[in-house]
Amino acid sequence: ERPSQQSEGMERMVQSYQIMLSFFGLLALLVGLFLVTNSVSIAVAERRREIGTLRALGAPRRSILWLFVSEALFIGIVGSVIGVGLGRILAEAMLDEVSRSISTQYLTTIKTNRIIFEWKTIVEAMFLGTTAAVAAAFWPSWKATRIHPLEAMKKTEVVESGSNLFNWSTILGLFILAYYTLSMKLEWFAIHKVFDLLNNISSMVGPALVGPVLVTILILIFKKIFSRTWGTVTRLSADNLVRNPRRTASNVTTLMVGLVLVTTISALNISFKQTIVGWFSKVLYPDFLISAQGNLITYQTQPVHESLAQEIDKIPGVKIASNGGAHAVRFIHFQYEGKQLGMKNFDEPDPDSNYSIFDVKDRDPIVAGKELYHSSEPTVMVSQNFVLHFGKKTGDVMTIATPTGPVDFKIVGVVVDFASPEGIIYQSRQSFKKIWNDHLVDAFGIKVAHGFDSEVVRANLEKVLGPKNLMITSNFELRNQIVKSVDQSFAYTKAIEAAALMVAALGLLNTFLISIMERKRELGMLRAIGMARSQMTSMILKEAAIQGALGAIVAVAFGTWISSMWISGSLAHALGWIIEFTFPWEGVIKTVGVGVLVTLVAGLYPAWKAATSEIREALEYE
């Protein structure tokens with residue numbers, strides 16, 4: 001194997017991992033983009049009179065536009081500088097975590113000793129952050145130029161219905177979601193990477209445009225169902241949300257984008273975990289696995305000689321079948337069409353297993369297993385991702401370069417396996433020994449004989465094999481290690497979730513403050529006719545809670561749908577593994593709870609500000 005081939009294989013592996021990181025990073029950036037939009041919106045709301053004065057003094061619309069865009073440009077530059085610095089610090093802190101994550105996912109030990117922080121990375125981050133800030137600020141800045149000088153200088157509350165924009169934005173959102181679905185179903189992402197980028201953007205922008213409409217509909221439904229049981233303050237809260245859909249849309253959009261990201265990460269995590277653990281439950285037939293010290297999950301153990309099987313068979317409690325008691329597996333890497341694949345070579349399993357150690361998808365496992373071990377010609381089984389990458393199927397022939405020369409192997413089955421992102425080949429160890437002249441073993445699997453207690457058998461195994469520095473791992477322990485490994489693989493995503501929720505909370509704080517400013521006269525009137533400060537606080541917080549709960553429900557729906565499309569589509573293409581989507585019940589409960597909590601926390605200060613405002617000051621707008 002040439003060093004260049006190994007380097008290219010490692011580069012492809014890291015690139016596929018970076019695709020997943022880039023997806024999460026892009027979603028987090030979109031959350032920040034909505035925050036900038038809200039920040040500029042609150043600036044426009046606070047400075048209406050200033051805008052009116054400038055327009056009255058003769059400032060053209062383009063000057064007003066440049067005023068806010070230039071401020072956003074400054075925000076983008078300063079924010080990007082701070083972001084680059086914090087990113088460098090966080091990269092250092094997460095270096096070990098991400099190294100473990102990629103090592104676990106690709107069954108290859110990767111140790112990163114230093115962070116490479118090039119000027120190219122800094123310039124790209126600065127450009128991306130600044131451009132995103134300016135783009136996010138353009139729409140509210142343009143709206144500022146539409147404010148008439150007389151309207152801006154009046155002390156009259158201006159309520160924008162925004163009905164046309166609301167309807168058109170919903171139609172645009174539905175169109176974007178239709179494109180996303182079609183692109184994923186037809187696998188346009190495989191044609192060019194630009195489609196992958198468009199899919200990632202569409203997965204956030206579509207829900208952000210359509211979500212507020214769905215939340216408004218849910219508010220109307222809940223209002224109709226529970227209006228008789230709600231108190232006056234709660235009914236007012238619901239009426240306020242329905243009466244101004246533009247304002248509700250602004251609040252819900254900020255929350256939804258963050259919660260969709262949280263739901264997507266939760267779905268990805270649980271889908272990986274359930275798929276891998278479920279697969280291990282199917283194929284892990286032995287009660288105990290015996291190997292040298294090391295990481296058995298990744299086959300990073302020192303091989304032992306096959307003659308050890310004779311010694312294992314003599315240990316009391318080991319089940320002896322017609323083909324022996326200890327059944328061996330040997331794992332190696334090999335080159336195929338320029339890519340590094342994995343090969344698992346198995347002894348023929350216990351006849352009682354009915355070849356259940358093979359999760360065959362396209363044939364009866366018993367038929368495929370017998371053909372693998374008893375065919376007159378060299379045979380192999382191939383993994384699903386091998387089929388995805390190379391287009392081979394059952395019945396085809398693949399040629400493998402072996403130590404004894406090129407050998408044609410007939411494919412007799414397609415199996416599920418996650419030991420390599422490029423592909424896995426199954427072969428009988430008898431055939432492997434003959435062709436590769438390799439008599440080493442990575443692990444032995446044994447079953448406990450009938451009538452023996454598993455703990456007693458384990459003690460017997462450790463008594464004999466412990467002094468040889470061998471490791472005995474139970475079926476249960478190995479499954480727990482798998483779960484732990486998957487959790488470690490996605491540990492870094494907790495930082496992305498926390499960042500998205502923090503940004504969402506800040507965005508909600510902004511939009512709630514805008515809401516209070518726009519409703520100053522309305523809130524003053526309520527206080528003037530007798531609403532107590534406590535009732536005012538309760539009304540604002542209930543508005544926040546309703547938006548949080550219903551916004552979280554819609555976010556869960558969109559996040560689940562987006563993640564299911566992504567996991568079965570571009571993610572499988574990028575990572576090389578076919579993952580079965582699992583509905584994230586735990587993530588759903590967390591998302592709804594976090595949604596309500598975040599909105600309540602974000603609404604505390606605006607609620608206090610509304611309750612403590614002077615009635616006289618509020619009624620000056622009359």
Side-chain angles (χ1 to χ4, degrees), residues 104 107 109 277 279-333 342-358 369 372-373 417 419 426-434 436-485:
T104 301
L107 305 181
T109 301
V277 172
W279 171 69
F280 260 92
S281 299
K282 289 180 182 177
V283 303
L284 204 56
Y285 179 73
D287 294 320
F288 290 102
L289 290 161
I290 299 162
S291 66
Q293 297 294 326
N295 190 337
L296 184 57
I297 296 173
T298 58
Y299 290 98
Q300 292 170 358
T301 59
Q302 181 67 33
V304 296
H305 196 268
E306 63 179 0
S307 60
L308 182 64
Q310 299 173 9
E311 191 170 350
I312 295 173
D313 288 355
K314 296 176 183 179
I315 297 175
V318 174
K319 178 184 176 183
I320 306 299
S322 59
N323 56 351
H327 296 87
V329 59
R330 177 75 168 120
F331 180 82
I332 65 166
H333 291 288
M343 178 184 290
K344 291 182 179 180
N345 305 281
F346 299 91
D347 282 342
E348 186 168 10
D350 183 341
D352 291 342
S353 70
N354 290 323
Y355 299 100
S356 62
I357 65 170
F358 304 130
L372 180 68
Y373 286 99
D417 198 289
Y426 286 4
Q427 185 183 189
S428 84
R429 204 170 70 85
Q430 194 64 31
S431 172
F432 171 74
K433 287 192 295 182
K434 179 180 177 182
W436 265 263
N437 193 28
D438 185 339
H439 295 265
L440 297 177
V441 171
D442 287 289
F444 292 96
I446 67 150
K447 291 288 289 182
V448 174
H450 181 70
F452 282 83
D453 181 75
S454 59
E455 291 303 316
V456 173
V457 175
R458 181 175 193 143
N460 294 338
L461 291 170
E462 290 178 344
K463 182 178 179 180
V464 176
L465 304 176
K468 299 179 183 293
N469 201 29
L470 295 175
M471 181 173 63
I472 293 90
T473 307
S474 71
N475 186 310
F476 177 76
E477 289 170 340
L478 193 60
R479 291 185 194 184
N480 286 342
Q481 289 177 24
I482 292 294
V483 173
K484 185 178 179 180
S485 295

Novice: Only counting residues at least two apart or in another chain, list the ones meeting ring pair (Phe, Tyr, Trp, His ring centres under 6.0 Å) with Y355.
Specialist: none
Novice: Is there any salt bridge (Lys or Arg N to Asp or Glu O under 4.0 Å) pair reaching into residues 286-314, and which pairs are they, with sequence neighbours excluded?
Specialist: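 Non-adjacent pairs meeting salt bridge (Lys or Arg N to Asp or Glu O under 4.0 Å): D287-K447, E306-R429, E306-K433, E311-K468.
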Novice: Taking C-beta and beyond as the side chain, do I315 and I446 meet within less than 4.5 Å on heavy atoms?
Specialist: no
Novice: Measuring only between side-chain heavy atoms, which start at C-beta, is P351 closer than 4.5 Å to S322?
Specialist: yes
Novice: Which heavy atom of L478 sits nearest to which heavy atom of T473, and what is that distance?
Specialist: N-CG2, 4.0 Å
Novice: From N475 CG over to Y285 OH, what is the distance, rounded to the nearest 0.5 angstrom?
Specialist: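 Result: 11.5 Å between the selected atoms.
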Novice: Indicate the ring-plane relationship of Y426 and F358, choosing parallel, tilted or perpendicular according to the 30° and 60° boundaries.
Specialist: tilted
Novice: With sequence neighbours excluded, what pairs up with N469 under the side-chain contact (heavy atoms from CB on, under 4.5 Å) test?
Specialist: Q293
Novice: Could you check whether any side-chain N or O of S431 sits under 3.5 Å from a backbone N or O of S428, counting only pairs where one atom can act as donor and the other as acceptor?
Specialist: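 No, the answer is negative, given that no donor and acceptor are paired below the 3.5 Å cut-off.
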Novice: At their closest point, which heavy atom of G342 faces which heavy atom of H333, and how far apart are they?
Specialist: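 Answer, listing the atom of G342 first, then H333: CA-ND1, 4.3 Å.
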Novice: Could you tell me if the side chain of L470 sits less than 4.5 Å from the side chain of L308, heavy atoms only?
Specialist: yes
Novice: Which value, rounded to the nearest 0.5 Å, describes the distance between W436 atom CH2 and Q427 atom CD?
Specialist: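 So the gap between those two atoms works out to 5.0 Å.
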Novice: Looking only at non-hydrogen atoms, find the nearest pair between D442 and S291 and report the distance.
Specialist: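 Smallest heavy-atom distance, with atoms named: O-CB, 3.4 Å.
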Novice: Say you draw a straight line from OG of S474 to CG of N480; how long is it, rounded to the nearest 0.5 Å?
Specialist: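 Separation between the atoms: 8.0 Å.
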Novice: Do V283 and D417 make a side-chain contact, defined as non-hydrogen atoms from C-beta onward lying under 4.5 Å apart?
Specialist: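 They are not in side-chain contact.
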Novice: Donor-acceptor pair, distance only, cut-off 3.5 Å: does the side chain of H327 make one with the backbone of G325?
Specialist: yes
